Amino acid sequence: MPESRLLPASQSDCRTVSDPVKEAFWAALASIPHGRVCSYGTLARLAGLGRGARLAGRWLGQLPEGSSLPWHRVVNSQGRLSLPADSPAGQEQFARLTEEGVSIRNRRIDMKRYGWPD
DNA sequence: AAGAAGGCACCAT
DNA sequence: CATGGTGCCTTCT
């Protein structure tokens, strides 16, 4: 089973390698405004990944725990939280979004209202 | 609402 | 280096 190699999370934040595409991805992620959410697909597109929605999810999963990047502002295209509700990360995501003022009803978010970019 | 198919880099063989 | 299975997805039946 994979899922072993986590990032050093040394100085800045994440990034195991200096991949330009990933850099763009992290930048796009960081640009999501407080209190707003973005879908994996949209984020991927913004970062120049084209249809790399799944890849976006994979990469988010590689972020170190203490990351300051707003990984929690990424949900699926239907505005639903894609992380398992019972997982630590899932709970964390819910908590952070709620704290930011994002209304989550039954694990769903109104993208018309909180979706970004508009 | 639920299932199938598309799409793309990752990772283990 | 080639190959096949996989995922924090999307979009189209």
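All of these numbers come straight from a predicted model, not from anything done at the bench. Because only heavy atoms are used, hydrogens play no part in the values below, and waters and symmetry mates are left out as well, while side chains stay in. Chain letters run A, B, ... following the sequence lines, proteins first, then strands; residues in each count from 1.
Nearest approach of Leu29(A) to Leu43(A), heavy atoms of both residues: N-CD1, 3.7 Å. Heavy-atom minimum distance, Ala24(A) versus Ala47(A): CB-O, 3.8 Å. Pairing each heavy atom of Gln93(A) with each of Val74(A), the nearest pair is NE2-O, 3.0 Å. In this structure, Trp71(A) and Ala89(A) approach most closely via the heavy-atom pair CH2-O, 3.5 Å.
Between the Thr42(A) side chain and the Cys38(A) main chain, no donor and acceptor come within less than 3.5 Å of each other. No donor-acceptor pair under 3.5 Å is formed between the side chain of Glu100(A) and the backbone N or O of His34(A). Checked by atom type and distance alone, the side chain of Arg73(A) pairs as donor or acceptor with a backbone atom of Ile32(A) at under 3.5 Å. No side-chain donor-acceptor contact under 3.5 Å links Asn106(A) to the backbone of Arg108(A).
Nucleic acid contact class of Trp71(A) (heavy atoms, under 4.0 Å, all strands): none.
Taking the six-membered ring where the residue is Trp, Phe25(A) and Trp59(A) present perpendicular rings, their angle passing 60° and hence far from 30°.
Taking atom CG of Leu29(A) as the reference point, atom P of dC8(C) lies 16 Å away to the nearest angstrom. For the pair Arg58(A) CZ and dC8(B) P, the interatomic distance rounds to 16 Å; values are reported in whole Å. One interatomic measurement links the two molecules: CD of Gln62(A) to C1' of dA9(B), which rounds to 12 Å at whole-angstrom precision.
Residues from residues 105-118 of chain A placing a heavy atom under 4.0 Å of any atom in DNA chain C do not occur. Near DNA chain C, meaning a heavy atom under 4.0 Å from it, residues 40-53 of chain A has Tyr40(A), Gly41(A), Ala53(A) in order of number. Near-neighbour residues of DNA chain C inside residues 72-102 of chain A, defined by a heavy atom below 4.0 Å, number-ordered: Asn76(A), Ser77(A), Ser82(A), Leu83(A).
The side-chain hydrogen bond (donor to acceptor under 3.5 Å, both in side chains) search around Asp118(A) returns Arg36(A), not counting sequence neighbours. A search for side-chain hydrogen bond (donor to acceptor under 3.5 Å, both in side chains) contacts involving Glu92(A) returns Arg96(A), not counting sequence neighbours.
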**Asked** Under a cut-off of 3.5 Å for both distances of each Watson-Crick or G-U pair, what dot-bracket string does DNA chain C give, using [ ] for crossing pairs and | for inter-strand pairs?
**Response** .||||||.|||||
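Rounding to the nearest 0.5 Å places CH2 of Trp116(A) at 11.0 Å from OG of Ser39(A).
Within a 6.0 Å sphere centred on CZ of Arg107(A), heavy atoms belonging to other residues, nucleotides or ligands number more than 12.
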